[in-house]
Amino acid sequence: MILPVVKYGHPVLRAKGAKIESASADITKLIADMFETMYASKGIGLAAQQVGQVVQLAVIDVRGIEDRPSTLELDGKPADVESIMPLVLINPELTPSGESITAPEGCLSFPEIYADVTRQAFVTVKALNAKGKPISFKCGGLLARAVQHETDHLNGILFIDRMSKKAKDEIRDEIELVQAETKAKLQKTTRTN
Ligand code: ZN
């Protein structure tokens with residue numbers, strides 16, 4: 001089922017997700033719905049907060065993005081990125097490393113808005129997979145950026161928080177428009193309920 005994507009201005013995007021204790025049937029269904037929603041929106045990552053759920057769960061799939069490559073290491077050895085796609089991250093813990101890289105980033109909660117964000121080049125990830133089993137890997141490139149962006153969401157942090165003042169100033173009007181639209185919609189919902 002395709003779920004509505006929550007846009008900037010909704011307070012759920014600022015909520016820190018609760019840890020998931022076990023891979024219940026509800027979580028399995030949420031994972032399937034989040035992938036369906038992400039693919040329908042042509043995104044490469046989606047966090048639970050973006051569909052209104054305040055839990056530590058994100059889905060990622062970087063396949064099909066050829067102009068921005070990703071790298072993967074499993075047990076310290078280079079591995080095929082596709083071997084872990086599509087990727088489910090439950091309760092992820094990150095250790096970023098390497099140089100800081102500035103590159104354009106978007107977010108499904110900020111439709112059509114893109115700006116430069118600086119993040120570290122690599123990230124070591126420990127998480128649970130869709131079955132609740134522990135996984136660990138190190139990644140770079142676009143995948144490292146996506147993992148950092150989605151894990152930020154799980155902690156109520158948005159990409160606009162990571163932008164330089166200059167980058168944010170350039171898109172300030174667009175951000176404010178999304179926020180105003182979301183708040184107007186929320187007010188309408190409150191009134192009709
Ligand atoms: Zn996002």
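For the single chain, residues carry numbers from 1 onward in sequence order. Both counts, for ligands and for their atoms, begin at 1 and track the order of listing.
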Point to revise | Sub-2.8 Å protein N, O or S atoms surrounding the Zn ion (ligand 1) | key: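 You should have found Cys107 SG, His149 NE2, His153 NE2.
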
- Task: Using a strict 4.0 Å threshold on nitrogen-to-oxygen distance, state whether Lys168 and Asp161 make a salt bridge.
- Result: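 Answer for the salt bridge query: no.
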
Could you give the distance from CG (Asp116) to OG1 (Thr102), rounded to the nearest 0.5 Å?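 With rounding to 0.5 Å, CG (Asp116) is 6.5 Å from OG1 (Thr102).
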
Notebook entry, point to check: ring pair (Phe, Tyr, Trp, His ring centres under 6.0 Å): which pairs involve residues 115-147, sequence neighbours left out?
Noted result: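 Counting only pairs at least two positions apart or across chains, no ring pair (Phe, Tyr, Trp, His ring centres under 6.0 Å) contact touches residues 115-147.
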
Provide the full list of side chain to side chain donor-acceptor pair (under 3.5 Å) pairs with a residue in residues 131-140, sequence neighbours left out, each pair given once.
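Qualifying pairs, neighbours excluded: none.
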
Note to self: Does Asp80, at its CG atom, have more than 12 non-hydrogen atoms belonging to other residues, nucleotides or ligands within less than 6.0 Å?
What the structure shows: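 Result for CG/Asp80: enclosed.
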
Pairing residues for His149 by the ring-ring contact (aromatic ring centres under 6.0 Å, His included) criterion, not counting sequence neighbours: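 Result, ring-ring contact (aromatic ring centres under 6.0 Å, His included) vs His149: His153, Phe159.
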
